[in-house]
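To start, the structure itself, in structure tokens.
Below, chains carry the letters A, B, ... as their sequence lines are ordered, and counting in each starts from 1.
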Amino acid sequence: MADTKAKTHPDRVVLYLALVMLAIGAFFSLTTTVFLSFANLFNLLESYAVTGIFSMGLLVVLVTGGIDISFLATASVVQYLTVLVCRQVGIDDVLFLGLTVAIVIGACIGMGIGSLIYYLDIVSIIVTISMQSVLFGLLMHASGGRSIYNLPAWMFRYGGTHSFKIGDTAYVMGVGPLVLLAMAILTWFILNHTTLGRQLYAFGGNPEAARRLGVNLGRLHLFAYGYLGAMAAVGGITQVFRMEEVVPSSLVGRELDVLAAAVLGGASLMGGRGGVLGTILGVFLIGVLKNGLNLYGVSSYFSDVVIGLVIILAVIATHYGKRKETEVGFV
Amino acid sequence: MSNRSNFWVQLPAIGLPALLAASLAIFGLLLPGRFWSVGAFESMAFQMPELGLLTLAMFLPFVSAGFNLAIIVTANITGIFMAWLWVNMVPSDAGTGLQIFWVALGLLGAMLIACLIGVLIGSLVAYVGVHPILTTLGFMTLIKGVGIFITRGAPVSGMPPVVQFLGTGSFLGVPMPMVVFILTALAMLVLMNRTSFGKYVYMSGSNINATYFSGIGTHRVIIGIYVISSLICVLAGLVMNARFNSARMGYGDSYLLLTVLAIIMGGADPLGGFGKVGGLVLALFVLQIISTGLNLFGVSQHVSLAMWGAVLIFVLAAKFFNRRYYLPWAQRRAAGPDSCSV
């Protein structure tokens, strides 16, 4: 019994992930010349920062035992509406106001989804499949699928790339990694150092037990999906910072990549498990793999094959032997 | 007294047929002459089977409280295999007999591929206990990757005439794709209602632990579910090949939401254990009628996508109110005033 406990401990998953990542990193460093260079690593960090921000929000929902595949549609809607609202109200150069608008829109959409799940007592995957279609369909209809280049000034001022020097060489990087760091610390703090965080894990572990302990499940639903909505907003705006344009169809369709990363990091679809560090490692493990294979000259057509295999192997590794002896259901 | 009161308890059961009749009547009135035409109904009968077969493929996992995200890619990859075989192997002047031989061989190969996919997915779900959403997510990524890698995303086109007949021809006035769908639905009906396997699927969906400790080999049942699900995907792939005269990764990508919508409208419980093939088929007809009607109105695909999502939420909300408020009220009414105090 003690042995199984040690195996399921979240720190173990993080340790294994870190080891796998080191091994893969070492392999690519030794076999390609470009992998272990600041330029490539910064590029990697920058490319996967937005995915990382989304995964922080998704992690909170996964911890409660829910699932959401509508968050990228939310992010796209937030991008579009934020630009419209900023134009209408005249917020042109105030970062704080612009971000507030984005986060409020995102959180409202998220809380709407959360209340549908809680008050109508519907399985989260089905609500979010529907909401993804509703949000994305309306967005494409409203925007006509056209990109917006005429953005408020604050999106350009704080976005784009910033150059800095290490030694004599200059490198460029956007704000994405910094935003990811901030969001990771925030999520980590909420999950591990607040009552709310404990309640989220308790809810995911056993909803009925949590309810009888006096945990307000309705409030937790609102918080978890609202938080994911807010993270979708932050991720969406960070993406706009990076690309300096709003493309309505650029994000939707990659939800399952984010889900795969969170699951690699030890989160379970049955709730109650997963942590910030593991999730971040999961995101960058996929990143390192894709980047390394690309440098290795493997056709980009082939990378989905590798990612699929990695997901399957990872879920086998994280689920094998986890089931109680008296149960035959899913873990 | 009791007959009249029971009427209210039974009322929700006629919801779907009523919706079918209502949509037929409303579109008939709003689109005079255009909706009630041979052309419109023929195109519906040609379009529905792809979605219908994919929905049947989703149905078994759904009833067992699982999910199969890989149905569309399985249909794609088996379709590509068959198309590749036929394009490369069937001589252009082959007679009908030779063509049927190759079509049968292609189907056999595709079914082997589907069996392999189904056994792998089912084993992971049954023996390791990986959640079906995760398992099928992994296989969806893998299969899509393999399919895109071998085709480079390009379509494989040029089906033999026998297969093209399957997409455009009719048998006794019924379009061939519809014939394939009806036969599959009948087979599914028999499987779910007349075999012990069907009972085991319902039981596994309700409570898999209880089923296991009743002495039923649930592991085999789960593997069977995903194998059959993948085999139905082969038929969906065949119909898509026949209708488009080509195969490509990405055909039918947008059907996932609609399969879930049809199953839930048909009366299945998202938590598993309940759901009837008859309800599913009826729901598919309703969906196809609404879809064709909207199409004739010239509603854009994005608006219809948003609408399908809204409809799914509406159906679930209606079911919730039915379960929580309406049924208790109707049952109290049926029980009569005497039982109120009990």
Side-chain angles (χ1 to χ4, degrees), chain A residues 67 69-70 116 119-123 125-127 129-145 253 256-257 259-260 263 268-270 299-324 326-331, chain B residues 65-67 69 120 124-126 128-135 137-146 148-150 152-153 207-209 211-213 218-219 222 253-254 256-257 260-261 264 270-271 300-313 316-317 319-321 323-324:
Chain A
I67 189 173
I69 55 173
S70 67
L116 279 177
Y119 292 107
L120 294 182
D121 194 16
I122 315 175
V123 190
I125 185 160
I126 289 169
V127 172
I129 284 182
S130 327
M131 283 308 289
Q132 184 203 30
S133 306
V134 172
L135 291 170
F136 187 62
L138 290 179
L139 175 70
M140 291 304 278
H141 179 67
S143 67
L256 296 175
D257 292 356
L259 177 66
V263 170
S268 157
L269 289 196
M270 299 308 272
S299 142
S300 65
Y301 289 117
F302 197 68
S303 67
D304 257 2
V305 179
V306 177
I307 302 301
L309 281 175
V310 167
I311 297 173
I312 293 169
L313 290 178
V315 292
I316 294 176
T318 49
H319 287 73
Y320 189 75
K322 292 290 166 55
R323 200 147 62 175
K324 281 185 214 145
T326 52
E327 290 198 351
V328 289
F330 322 131
V331 189
Chain B
F67 213 82
L69 284 169
L120 286 173
L124 276 191
V125 174
V128 187
V130 183
H131 196 289
I133 293 179
L134 278 189
T135 316
L137 163 66
F139 277 93
M140 183 185 83
T141 316
L142 178 65
I143 295 168
K144 191 193 270 173
V146 171
I148 288 181
F149 179 65
I150 54 181
R152 308 278 144 167
N207 186 336
I208 194 165
N209 287 324
T211 312
Y212 179 75
F213 286 105
T218 51
H219 293 337
I222 295 282
D253 252 358
S254 56
L256 189 69
L257 170 81
V260 177
L261 178 56
I264 289 185
L271 297 175
S300 83
Q301 73 181 85
H302 296 306
V303 175
S304 19
L305 180 70
M307 207 205 59
W308 291 132
V311 168
L312 180 46
I313 291 179
L316 287 163
K319 280 187 162 194
F320 172 78
F321 284 107
R323 188 174 69 225
R324 180 67 64 83

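Considering CZ of Phe67(B) and CD1 of Ile129(A), their distance stands at 4.0 Å, rounded to 0.5 Å. Taking NZ of Lys319(B) as the reference point, atom CG of Leu120(A) lies at 13.0 Å (rounded to 0.5 Å). One distance of note links CD1 of Ile307(A) with NZ of Lys144(B); it measures 13.0 Å at 0.5 Å rounding. Atoms CG and CZ, on Leu116(A) and Phe320(B) in that order, are 11.0 Å from each other to the nearest 0.5 Å. Within the model, atoms CD1 of Ile311(A) and CG of Leu134(B) stand 9.0 Å from one another, a figure rounded to the nearest 0.5 Å.
Annotation: side chain of Val305(A) is in contact with side chain of Leu142(B) (closest heavy-atom distance under 4.5 Å). Inter-residue side-chain proximity for Thr135(B) and Val315(A) is flagged as unmet; no heavy-atom pair is nearer than 4.5 Å.
When each of Ile222(B), Thr218(B), Asp253(B), Ile133(B) is scored by its heavy-atom pairs under 4.5 Å with chain A, the top score falls to Ile133(B). The candidate from Leu69(B), Leu312(B), Leu316(B), Asn209(B) with the greatest count of non-hydrogen atom pairs under 4.5 Å with chain A is Asn209(B). Taking Val146(B), Leu137(B), Leu271(B) one by one and counting their heavy-atom pairs under 4.5 Å with chain A, the maximum is reached by Leu137(B). Note on Ile67(A), Val306(A), Leu313(A), Ile312(A): by heavy-atom pairs under 4.5 Å with chain B, the leading option is Ile312(A). Ranking Gln132(A), Met140(A), Met131(A) against chain B, the residue ahead of the rest is Met140(A), based on heavy-atom pairs under 4.5 Å.
Heavy atoms of Leu138(A) lying under 4.5 Å from chain B belong to its backbone as well as its side chain. Using a 4.5 Å cut-off between heavy atoms, Ile148(B) contacts chain A through both its backbone and its side chain. Contacts of Met307(B) with chain A are absent, with no heavy-atom separation under 4.5 Å from either backbone or side chain. For Ile264(B), the part lying under 4.5 angstrom from a heavy atom of chain A is the side chain only. Looking at Ile125(A), only its side chain comes within 4.5 Å of chain B, counting heavy atoms on both sides. Neither the backbone nor the side chain of Leu135(A) comes within less than 4.5 Å of any heavy atom in chain B.
Residues forming a side-chain contact (heavy atoms from CB on, under 4.5 Å) with Leu120(B) (at least two apart in sequence, or on another chain): Leu116(B), Phe139(B). Applying the salt bridge (charged side-chain N to carboxylate O under 4.0 Å, His left out) test to Arg323(B) and every residue at least two apart in sequence or in another chain returns Asp121(A).
When all heavy atoms are compared, the tightest approach of Ser130(A) to Ile313(B) is CB-CG1, 3.6 Å. Pairing each heavy atom of Ala306(B) with each of Val134(A), the nearest pair is O-CG2, 3.4 Å. Residue His302(B) comes nearest to His141(A) through the heavy atom pair CB-N, 4.1 Å, listed as atom of the first residue, atom of the second, then distance.
The local environment of NE2 in His219(B) is crowded, with over 12 non-hydrogen atoms from other residues, nucleotides or ligands closer than 6.0 Å.
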Stepwise side chain to side chain contact (heavy atoms under 4.5 Å, CB included) check, Leu256(A) with Thr141(B): CA-CA 9 Å; Leu256(A) 296 175; Thr141(B) 316; 6.0 Å; no

